[in-house]
Amino acid sequence: MNNMIKIATIGGGSSYTPELVEGFIKRYHELPLRELWLVDVEEGKEKLEIVGNLAKRMFQKAGLPVEVHLTLDRRKALAGADFVTTQFRVGLLEARAKDERIPLKYGVLGQETNGPGGLFKALRTIPVILDIVKDMKELCPEAWLVNFTNPAGMVTEAVLRYSDHRKVVGLCNVPIGMEMGIAKFLNVEHSRVRIDFAGLNHMVYGLDVYVDGVSVKEQVIEFLTNPENSSFVKNVQGQGWEPEFIRALGVLPCPYHNYYYKTREMVEKETKNAETVGTRAEVVKKLEDDLFELYKDPNLSIKPPQLEKRGGAYYSDAAVRLISSIYNDKCDIQPVNTMNNGSIASLPDDSAVEVSCMITKEGPKPLVMGDLPVPVRGLVQQIKSFERVACEAAVTGDYNLAVLALTINPLVASDTIAKKIVDEMIEAHKDYLPRFFKKK
Ligand code: G6P
């Protein structure tokens, strides 16, 4: 890798782009970025221009010689890139709103990355990411793919299983959000907190948590019994864990575990939201419209604080610290999605897991975590089975596999309901599921 880094960001018109740009500015001293290529599709052209111009102003204000290129030509952006970051949303927020609303009609959770929503987001996204990887093989075979597109775990799984591109890392802000929340609670610097993460994306546990190497797990578990503290991200409204449950669990759940250990309450909550304020996608749509109005202001040249109302806080930190650690061979510890390779004994070696890793120039080296504790092992294994079947359904366009994936998902209680949801959602997302509508 040279010292004139080129990064291509697919889905560059995203409202999150200023977050990423802020991360590049903060770490410019260690990551000499020269070219940032923001790529989007025709439908996202206007947003790309608005947010791209803000990105240019941000670098300019910071006095950094970074060239920002805006393009609809993905291949041009990929040519010779050192890193490719992906943050696109197939079908835009309208598709997410359908993922959230349709399952609720059947009494099932409607959520961006879990249950039916997660399945359909995977079905829409995986063929596209595999296409991107194909282009990368030709145009930038040595580049690292750093994927934030959800469902990040399944997307990583699909790239590892259905392509021969090995330089892929999946990234989520939940682990860093947990670290930051705990650091705040303990009133210590983030750098002093370390969590041993093991599990899957949005299904990750903190097996232990340390400050300066000393375990503070018991104290943190008590903190999590307070309803105010059971969620570390803005988009999941947790309601507090039962003290008896969380003490006996003995590990730290992530915010998304609310959907599994409080399924009934969360379905009720999402149903109520859908009937009143709107689903999360509908709320986010309004937030985005406001954000883009702000981004248009030619006098704005920083990331506006309003972006913090989104669930993706700290993405930039997580993303840019990862890219920098690969580039600088830092060998520091970060939680990412990567090939298990024996790190978590309870999961297949060749599957994607979310785990604490040492980040080197050859990529993440997962730390050895051993078996998952018995109380959480079964759920994680079941979700991995769901993910693998879902990935296969996405690649093959096999309807039966889609029904199977949803039926084995713990959030769906019946094969008949699973089939009904699949039928309605396949129809609703028809334009984005070409593999399911192949001409015979
Ligand atoms: C969380 C998740 C992300 C997700 C985001 C959604 O933090 O970890 O994977 O994309 O929230 O936030 P939003 O504001 O779009 O609901």
Side-chain angles (χ1 to χ4, degrees), residues 11 13-20 47 51 85-101 109-115 117-118 120-122 124-125 129 146-157 169-181 197 199-206 230-238 253-259 266 269-270 273-274 277-292 303-319 322 334-337 352 354 383 387:
S14 159
S15 56
Y16 279 121
T17 293
E19 175 83 32
L20 196 62
K47 283 163 94 182
V51 82
T85 69
T86 37
Q87 54 179 35
F88 59 91
R89 192 189 288 285
V90 179
L92 311 176
L93 279 171
E94 285 72 22
R96 174 172 171 191
K98 290 178 188 169
D99 286 344
E100 293 168 343
R101 268 197 186 266
L109 180 79
Q111 208 278 327
E112 184 189 16
T113 58
N114 288 263
F120 274 82
K121 196 163 186 349
R124 297 192 298 274
T125 308
I129 199 89
V146 177
N147 172 65
F148 331 132
T149 292
N150 271 324
M154 282 190 265
V155 168
T156 311
E157 175 83 27
V169 192
L171 196 64
C172 182
N173 66 329
V174 161
I176 193 171
M178 290 171 70
E179 286 168 7
M180 299 292 251
F197 285 104
L200 307 175
N201 181 232
H202 290 183
M203 176 51 59
V204 74
Y205 293 89
S230 66
S231 181
F232 294 104
V233 285
K234 293 261 172 25
N235 58 313
V236 184
Q237 302 167 326
C254 79
Y256 284 84
H257 284 114
N258 279 284
Y259 296 120
M266 293 307 273
K269 193 166 202 130
E270 301 294 348
N273 284 344
V277 291
T279 69
R280 179 71 188 163
E282 290 156 0
V283 170
V284 160
K285 179 90 186 41
K286 290 191 204 114
L287 286 174
E288 281 216 338
D289 291 346
D290 295 349
L291 280 172
F292 275 92
K303 178 189 93 177
Q306 286 87 335
L307 186 54
E308 274 151 30
K309 290 191 188 144
R310 297 294 303 277
Y314 311 125
Y315 251 119
S316 61
D317 263 333
L322 170 66
Q334 298 179 29
V336 295
N337 287 265
E354 190 163 284
I383 292 294
E387 290 188 351

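We count ligands from 1, going down the list as the structure has it; atoms in each ligand are counted the same way.
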Heavy-atom contacts with [X] under 4.0 Å: which atoms of ligand 1 show up? List them by number with element.
X	result
C172	8 (O)
E112	4 (C), 6 (C), 10 (O)
V284	13 (P), 14 (O), 15 (O), 16 (O)
R96	13 (P), 15 (O), 16 (O)
Y16	12 (O), 13 (P), 14 (O), 15 (O)
V174	8 (O)

Does the pair [X]/[Y] count as a salt bridge with the N-to-O cut at 4.0 Å?
X	Y	answer
K47	E288	yes
K285	D289	yes
R101	E270	no
K303	E19	yes
R96	E100	yes

Q) Just by distance, with hydrogens left out, do N147 and T86 show a side-chain donor and acceptor under 3.5 Å apart? A)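 The answer is yes; a qualifying pair exists.
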Q) Is the closest side-chain donor-acceptor distance between E354 and T156 under 3.5 Å? A)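 T156 and E354 do not have a side-chain donor-acceptor pair below 3.5 Å.
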Does ligand 1 come near enough to [X] that some N or O of the ligand is less than 3.5 Å from an N or O of the residue?
X	result
R280	yes
N235	yes
G311	yes

Quick one: nearest non-hydrogen protein atom to [atom], plus distance?
atom	answer
atom 9 (O) of ligand 1	N150 ND2, 2.8 Å
atom 8 (O) of ligand 1	N173 OD1, 2.6 Å
atom 2 (C) of ligand 1	Y256 OH, 3.1 Å

What do we get for [X] next to ligand 1 when only non-hydrogen atoms under 4.0 Å count, side chain, backbone, both or neither?
X	value
K309	neither
A152	neither
Y315	side chain
R310	both

So does [Y] get a backbone contact from the side chain of [X], meaning a donor-acceptor N/O pair under 3.5 Å?
X	Y	value
T125	K121	yes
N258	P255	yes
N337	A152	no

